[in-house]
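Notes follow once the structure below has been shown.
Counting starts at 1 for both ligands and their atoms, in listed order.
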Amino acid sequence: MNMNFFVNTRLITGVDCVKNNAERLGSYGDRCLIVTGASSAKKCGALDDVTKALDSTGVKYEIYDKICQNPTVESCFEAGKIASDLKADFILGIGGGSPLDASKAIAVVAANPDITEKNLYAMNWSEQPLPVVAVGTTAGTGSEVTSVAVITNSKGLKKSFRNDLSYPVLSLGDPKYTLSLSDSFTRSTAVDALAHCVESFFNRSANDISKIYAVAGIRKLLKVFEKIMSGSTDVLTIEDREELYNASILGGLAIAITGTAFPHALGYFLTENYGIAHGTACAVFINEFIDYNADVKPELTKEFFDEIRVDEIGFKTAVEKITPPIDVKLSDSDIEKLSVRWENNAALKRNWGNVDTAFINSLLRKLF
Ligand SMILES: [Fe+2]
């Protein structure tokens with residue numbers, strides 16, 4: 001099996017890793033723009049840790065805290081211009097996937113303040129993006145170790161770019177920040193990590209390295225899932241939270257190599273049209289994804305269950321019990337209207353077999 005592997009990120013995790021690595025932050029320049037959402041970075045203590053670390057190294061900063069869930073390209077342009085005016089040397093994103101993905105786009109706009117939306121997504125960048133430092137506060141996205149940014153475009157559609165220049169130069173992950181996450185957010189982010197691992201494993205671009213990450217991530221997740229199958233995530237200890245965080249990083253490393261597959265490709269419309277949390281929107285397709293691959297790649301499916309050391313029933317039960325329930329009903333005409341989204345979709349092409357519109361329509365009819 002041919003291999004192809006590149007991750008350009010120094011990753012440091014552990015309790016108090018921001019405080020313990022303050023000096024590293026100073027090595028990226030004198031000024032930075034902190035990019036985050038309205039409240040979670042404050043609530044979990046990450047913003048406080050970051051500002052103290054920057055103060056201790058003499059780095060000047062401004063805070064842009066208007067990144068919402070499923071960040072808009074407009075907010076990336078607004079923050080990018082602020083960073084450019086500030087003459088920021090680097091962007092420091094704090095959060096889950098939304099602020100971290102936004103930081104990658106903001107880093108491009110900051111270095112190219114006159115860039116158009118089209119050229120941002122097309123990666124026609126005259127200047128290299130500013131370095132991005134990522135401080136993770138959820139256990140799901142894996143954006144800390146990927147070069148992918150998923151940003152909602154001006155038409156309201158989630159659209160991504162993926163560029164080797166967009167790997168965070170440094171990612172700091174302190175599992176204590178995830179202690180304040182709600183039960184439903186803990187679940188939706190954990191199943192996002194699971195979807196990353198599973199979609200990476202059953203992926204045309206998978207190789208020996210990506211499969212090792214994917215399997216290791218799934219094993220960690222399933223172990224923690226056992227504890228919360230029939231109860232709340234309140235029982236999770238800091239060690240469990242660390243396992244979830246590390247699993248999310250393994251999932252990120254896996255999709256950094258392979259990209260995702262049809263659960264992510266299909267999940268976006270549930271988030272855009274029905275406000276379903278990203279991880280949940282993807283995870284509702286995981287068990288169907290397993291069935292699909294059992295049909296088109298039976299040997300690979302056998303390898304999958306051998307590797308994860310849980311049988312098919314146990315795995316599917318865990319997915320059902322951990323994924324927050326959703327209530328979405330689609331009519332035939334709703335499904336028909338979605339068809340345009342499946343044309344030339346890169347993630348759909350990464351599946352084994354042929355995931356065509358007829359297959360997707362029958363799947364959506366079955367599930368919704
Ligand atoms: Fe995801």
Among the N/O/S atoms of D192, the Fe ion (ligand 1) lies closest to OD1
What angle sits at the Fe ion (ligand 1) between NE2 of H278 and NE2 of H196, to 10°? 170°
Proximity of Y292 and F202 rings by center, below 6.0 Å: no
Can you establish whether the number of heavy atoms outside R10 located under 6.0 Å from its atom CZ is more than 12? no
Can you tell me if CZ on R31 sees more than 12 non-hydrogen neighbours from other groups inside 6.0 Å? no
Do any N/O/S atoms of C282 come under 2.8 Å of the Fe ion (ligand 1)? no
Check: D30 main-chain N/O paired with D89 side-chain donor or acceptor under 3.5 Å: yes
